[in-house]
Amino acid sequence: MTNSTFDIAALRRKSTALGFASLGITPARTSKDTQAALQRFLAKQRHGDMAWMAETAPRRASPEQMWPDARTAVMLSANYAPPHNPLEDLGLTSRGNISVYARNKDYHDVLKKRLKTLASWIAQHSGAQVKVFVDTAPLMEKPLAAQAGLGWQGKHTNLVSRAYGSWQFLGAILTDMALEPTEPEGDSCGSCQACLDICPTKAFPAPYQLDARRCISYLTIEFKGHIPAEFRRAMGNRIYGCDDCLAVCPWNKFAQDSSEIAFYARPELTAPLLTDLLGLDDASFRDVFSASPVKRIGRDRFIRNCLIAAGNSQDLKLIRAIKPLLGDAVPIVRAMAVWALKELLDDTTFLAATSALRETETDPDVLAELIPGTLDDAWVAVETVPTA
């Protein structure tokens, strides 16, 4: 039975006071279509090496699978619209481009604190049990947010809102209290497919479908290995995440800049110089990215990403920062240092710059980068190339 005495208007006022942009209510279950879409995604291996998605699939399918007593999902969004178009940063090729959401504090920490406060308020005023979620548990926030009327899942699979475009963080509060659901909003993408067309790596097999294995956000954040060569040039200067499909959404024109200080970009994380980033050791990496979500991927994968950006930069001044990384202790760093130099140097100079590494390298992935391939003719002259 629905709790008709609970004050939804007061709940909305409280959520607004805490900094949430919108609130919607939906039953704590997903549709059969959503559950089937998840199974197709996993069956086609589109989750890549995010094994946890398959491992948690039974619980992920619907909230009541994770918490049987859950009856209602209170869905909330926070606006993080940037003050300028992040696509403009892609032209700054000697600088690293960090996804808008990661240029300040980790939004998980920011939103979880607010959600806990709001959940406590709900429990205090209703006596209901509550649990909070911010993109870290097996809960499909986007389909639930769409059911609750916070927007619709666009062709890029992210939530789109008439008021906030594609710039929304999502959070959820599950409760064992039944509440009257809010009406879902219809899909308003129409014939537009700008988000599909702009994707640098063609990560969308079809509208409303994503192959994470081709997504730059996945490759730079979730993927732990050597990024496949076919995607490296397409990455440009994107060193953490990718905003292209979000930034190009026409509905963004209605999204006003977020007034949230917590979401404003820190100056040092707005298009930082690659020369500065390539010199980071583990301690300095942790210091620069303190409280930032970037810190979660660790220094080694981050430097891997920066080296790919350096290789794409056409900036020969970066060579001095790249060369010391040929001796890095980590293979994914050495391998991308080789690749970056191969992109920036002519054949003869590249062979000279990497000659010492060829004599000592044992890692097969690094050796694969050292094999010249199309440089076969130059390879013959290796012994005569000066090393200094």
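Numbers here simply count residues along the sequence, with the first being 1.
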Which heavy atom of Tyr80 sits nearest a heavy atom of Gln168, and at what distance?
CE2-N, 3.3 Å
Ring pair (Phe, Tyr, Trp, His ring centres under 6.0 Å) contacts touching residues 85-107 (sequence neighbours left out)
Tyr101-Tyr107, Tyr107-Phe169
Just verifying a value: how many Å separate Asn104 CG and Phe263 CZ, rounded to the nearest 0.5 Å?
9.0 Å
Qualifying side-chain hydrogen bond (donor to acceptor under 3.5 Å, both in side chains) pairs with a residue from residues 203-212, counting only residues at least two apart or across chains
Arg46-Gln209, Asp187-Tyr208, Asp211-Arg213
What's the separation between atom CG in Leu370 and atom CG in Leu357, rounded to the nearest 0.5 Å?
5.0 Å
Can you list everything that forms a side chain to side chain contact (heavy atoms under 4.5 Å, CB included) with Ala10? Sequence neighbours excluded, please.
Asp7, Arg13, Trp121
Considering only residues two or more places apart or on different chains, which pairs with a residue in residues 294-342 satisfy ring pair (Phe, Tyr, Trp, His ring centres under 6.0 Å)?
Phe285-Phe302, Phe289-Phe302
Give a yes or no answer on whether the side chain of Thr72 reaches the backbone of Leu179 with a donor-acceptor pair at less than 3.5 Å.
yes
To the nearest 0.5 angstrom, please state how far the CD atom of Gln147 sits from the OG1 atom of Thr26.
4.0 Å
Heavy-atom nearest pair, Leu118 first then Leu18, reads CB-CD1, 3.7 Å
Could you work out, with salt bridge (charged side-chain N to carboxylate O under 4.0 Å, His left out) as the rule, every residue matching Arg296, not counting sequence neighbours?
Asp106
side-chain hydrogen bond (donor to acceptor under 3.5 Å, both in side chains) between Ser77 and Ser22, worked out
CA-CA 5 Å; Ser77 75; Ser22 56; 2.5 Å; yes
Closest heavy-atom contact between Arg238 and Leu90?
NH2-CD1, 3.3 Å
What one should report as the nearest heavy-atom pair of Ala255 and Ala81 is CB-CB, 4.1 Å
List the residues meeting salt bridge (charged side-chain N to carboxylate O under 4.0 Å, His left out) with Arg59, not counting sequence neighbours, and say none if there are none.
none
Take atom CD of Glu88 as the centre, draw a 6.0 Å sphere, and report whether it contains more than 12 heavy atoms from other residues, nucleotides or ligands.
yes
Under the side-chain contact (heavy atoms from CB on, under 4.5 Å) criterion, do Arg266 and Ser292 qualify, and how do the steps go?
CA-CA 10 Å; Arg266 287 161 47 189; Ser292 162; 4.2 Å; yes
Are Ile8 and Leu150 grouped together when hydrophobic residues (ILVMFWY) are joined by side-chain heavy atoms under 4.5 angstrom apart?
no
Who else is in the cluster with Tyr164 when I, L, V, M, F, W and Y are joined by side-chain contacts under 4.5 Å?
none
Yes or no on side-chain contact (heavy atoms from CB on, under 4.5 Å) for Arg233 and Asn312, after CA distance, side-chain angles and deciding distance?
CA-CA 6 Å; Arg233 289 180 179 172; Asn312 290 326; 3.8 Å; yes
What distance do Tyr240 atom OH and Ile98 atom CD1 have between them, rounded to the nearest 0.5 Å?
9.5 Å
With ILVMFWY side chains joined below 4.5 Å, transitively, what does Phe204's cluster contain besides itself?
Leu196, Leu210
Run the numbers on Asn252 and Ser166 for side-chain contact (heavy atoms from CB on, under 4.5 Å), then give the verdict.
CA-CA 6 Å; Asn252 290 341; Ser166 289; 3.9 Å; yes
Going by side chain to side chain contact (heavy atoms under 4.5 Å, CB included), name the residues that satisfy it together with Arg162, two or more places apart in sequence or in a different chain.
Trp152, Glu185, Ser188, Trp251
Full working for side-chain contact (heavy atoms from CB on, under 4.5 Å) between Trp167 and Leu246:
CA-CA 7 Å; Trp167 305 116; Leu246 303 177; 4.0 Å; yes
Shortest non-hydrogen contact from Ser126 toward Met177:
CB-SD, 3.6 Å
Just verifying a value: how many Å separate Ser99 OG and Asp243 CG, rounded to the nearest 0.5 Å?
3.5 Å
Closest approach of Leu111 to Val134 (non-hydrogen atoms, all atoms of both residues)
CB-CG1, 4.0 Å
Residues pairing under side-chain hydrogen bond (donor to acceptor under 3.5 Å, both in side chains) where one sits in residues 299-311, two or more places apart or in two chains, turn out to be Arg299-Asp328
Donor on one side chain, acceptor on other, Ser284 and Asp287, under 3.5 Å:
no
Can you check whether Ala271's main-chain N or O pairs, donor with acceptor, with Arg95's side chain at less than 3.5 Å?
yes
Not counting sequence neighbours, list each pair that qualifies as a ring pair (Phe, Tyr, Trp, His ring centres under 6.0 Å) and has a residue in residues 14-64.
none
Do Pro143 and Asp33 make a side-chain contact, defined as non-hydrogen atoms from C-beta onward lying under 4.5 Å apart?
no
Is it the case that the side chain of Asn79 and the backbone of Gln256 share a donor-acceptor pair, with hydrogens and angles ignored and the cut-off at 3.5 Å?
yes
Of Leu269, Asp276, Val294, the one forming a side-chain contact (heavy atoms from CB on, under 4.5 Å) with Val288 is Leu269
Tell me who clusters with Leu92, hydrophobic residues only, linked when side chains sit under 4.5 Å apart either directly or through other members.
none
Taking 4.0 angstrom as the limit, do Lys113 and Asp109 come out as a salt bridge?
no
Spatial distance of atom CD (Gln314) from atom OG1 (Thr93) [nearest 0.5 Å]
7.0 Å
The side-chain contact (heavy atoms from CB on, under 4.5 Å) partner of Ile322 among Leu345, Thr275, Leu344 is Leu344
Is there a path of hydrophobic side-chain contacts, each under 4.5 Å between heavy atoms of I, L, V, M, F, W or Y residues, that connects Leu139 with Leu23?
no
Salt bridge check, Arg334 against Glu369: does any charged N sit closer than 4.0 Å to a carboxylate O?
no
